[in-house]
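Lettering follows sequence order; numbering is per chain, from 1. Just so you know, these numbers use all the heavy atoms, side chains as well, and skip hydrogens, waters and symmetry mates.
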2 protein chains.
Amino acid sequence: MHTLSEENYLKCIYCLWQDKGQKITPTAIAESLGNNPASVVDMIRKLTDKQLINYDKKKGVELTAQGQKDATLIVRRHRLWEVFLLEKLDYDWDEIHDIAEELEHIKDASLADRLDKFLGFPEYDPHGDPIPKANGKMAKRYSTTLADLKTGGYCRVAAVKDTTSSFLQYLQKLDISIGTKIQLIEKIPFDNSLVISIGGNGRTTVSQKFGESVLIDI
Amino acid sequence: MHTLSEENYLKCIYCLWQDKGQKITPTAIAESLGNNPASVVDMIRKLTDKQLINYDKKKGVELTAQGQKDATLIVRRHRLWEVFLLEKLDYDWDEIHDIAEELEHIKDASLADRLDKFLGFPEYDPHGDPIPKANGKMAKRYSTTLADLKTGGYCRVAAVKDTTSSFLQYLQKLDISIGTKIQLIEKIPFDNSLVISIGGNGRTTVSQKFGESVLIDI
DNA sequence: AAATAAAATTAGTCTTGACTAATTTTATTT
DNA sequence: AAATAAAATTAGTCAAGACTAATTTTATTT
Ligand SMILES: [Mn+2]
Ligand SMILES: [Mn+2]
Ligand SMILES: [Mn+2]
Ligand SMILES: [Mn+2]
């Protein structure tokens, strides 16, 4: 089995890979985990020895088949626990991520499957991220962001790219959650700010950064 | 906040204190945790520095008010998670302890209280141990064992003193669970074996060690 | 009271997973 | 192509929490 740290690295590598499909460098991992690149290099060696990743200066870090499988299970547990915390324990949207960050490491062969069943086999977590099934497959991941929407276009908020509580609290304040309908009224050329109409109500202006953090379904 | 190890030591000291009321020595702690006494001495220093325990060669280890409070919360979380695993996730009696051993360390200020509410404020865990309330109070702990019962006497199984799966599986095999009625038919003087009638059925013989591991309500 | 056994403690080692500082390698500019 | 900047790596350090082996203290026998 893997240590807590190894698991966090595995999940991080998996998420970077899903997010961007770009080359995964030690610096990228370090930044994402808030660690020093030197520490990342150490862990790259450990995970390589355990045959969970391959590292090539050209291609960057890549998960092996086993590494992918293990990382997927950690993500599955994380997202299932998030559903549990929100639906069963009435936590708020912005509180669940950090707790799931710990719960995802609980080791028991049947825990994820039992939790999955108990929750009614949810397809998506509360942030709109697909929950890997026991067999590793999962529903569609959304990749278009609000910033990609054409002026005048309508969309449905499908997921959020950022799970920090500052972002999620801002969304709550704007009355935006998964499923909310949004229309892009205008894009300000100066700084790419977006003027939007939330759920058919009046206009609100949001930043480019904001737009790029909201994943949509057109 | 405390580290995982510190929490395990705190809980261990708390449980030893509850169990026997005897002097808690480094050796006793070492034995209970499966650690080396030298390691225990190290941790005693750490917990003393953190003002969670006091150590006196004469009186042994004692929890301070703060240590007691913190230990109680860990025990509360442990027992609540056990109820959750058994009742909601359909785990077996003998599987829950080890998983709760990990879950008890999840740190979130409101998690125990939310879980408590979700479970309907249970008074006892699946092994019959009382669950500390948010305020630290808890229901009665049973202390009489089956081995203390008078010949001919009847009792109700209230709790188990041992949570190893070998013991719990044996109980299941004998069809004994919390609430089962037992009559002590005979005590064998040679080795204190107990001849009992389980739930009004035929006789079964069990060892002294067995009898001392079953807590009863007369 | 000595001798012996058991318990507690100290000293030193190891592993994990972080860090900093220094160096080397690779990329980007000029 | 040389200079510069950025990224990666190496070397060495540290704290936590375990261990073993040696020693000291306390209890128990004889
Ligand atoms: Mn985590
Ligand atoms: Mn999520
Ligand atoms: Mn534990
Ligand atoms: Mn229990």
Over-ring placement of Lys88(B) relative to Phe118(B), 6.0 Å and 45° cut-offs: yes
Kindly say if Tyr9(A) contacts the phosphate of dT16(C), meaning a side-chain N or O under 4.0 Å from OP1 or OP2. no
Which nucleotide in the set dT9(D), dG17(D), dT9(C) lies at the smallest distance from any side-chain heavy atom of Val41(B)? dT9(C)
Looking only at side-chain N and O atoms, does Ser39(B) come under 4.0 Å of OP1 or OP2 in dC19(D)? yes
When the nearest nucleotide of DNA chain C is assigned to Thr3(A) and to Lys23(A) on a heavy-atom basis, which residue is associated with the more 5' position? Thr3(A)
Cationic N near anionic O, under 4.0 Å, Glu7(B) to Lys107(B): yes
d(CG, Asp42(A); C1', dT10(D)) in whole Å: 10 Å
Give none if dG17(D) has no partner; otherwise give the nucleotide forming a Watson-Crick or G-U wobble pair with it, both distances under 3.5 Å. dC14(C)
If I take atom CG in residue Asn8(A) and atom P in nucleotide dG17(C), what distance separates them, rounded to the nearest angstrom? 10 Å
Nearest whole angstrom, please: distance from the P of dT9(D) to the CG of Asn36(A). 13 Å
Rounded to whole Å, how long is the line connecting atom OH of Tyr55(A) with atom C1' of dT26(C)? 11 Å
Taking the six-membered ring of Phe121(A), is NZ or CZ of Lys133(A) closer than 6.0 Å to its centre and within 45° of its axis? no
For dT23(C), the Watson-Crick or wobble partner whose two distances fall under 3.5 Å: dA8(D)
Roughly, in whole Å, what's the span from CG in Asn35(A) to C1' in dT20(C)? 14 Å
Salt bridge between Arg141(A) and Asp19(A), side-chain N to carboxylate O under 4.0 Å? yes
Of all the heavy-atom pairs spanning Met1(B) and Glu6(B), show the shortest one and how long it is. O-OE1, 4.4 Å
Please report, rounded to the nearest Å, how far the C1' atom of dA16(D) is from the CD atom of Glu6(B). 9 Å
Could you check whether Ser5(B) gets within reach of a base, just the sugar-phosphate, or nothing at all, counting any heavy atom under 4.0 Å? sugar-phosphate
Given dT26(D), dG17(D), dG17(C), the nucleotide with the shortest approach to the side chain of Lys57(B): dT26(D)
Roughly how many Å is it from CG in Asp49(B) to C1' in dA15(D), rounded to a whole number? 14 Å
Measure from CZ on Arg45(A) to C1' on dA18(C) and round the result to the nearest Å. 15 Å
Between Ile44(B) and Leu4(A), which residue's closest nucleotide on DNA chain C lies nearer the 5′ terminus? Ile44(B)
From dA18(C), dA16(D), dT10(D), nucleotide with atom closest to Met43(A) side chain: dA18(C)
Is dT28(C) paired to anything, Watson-Crick or G-U wobble with both distances less than 3.5 Å, and if yes, which nucleotide? dA3(D)
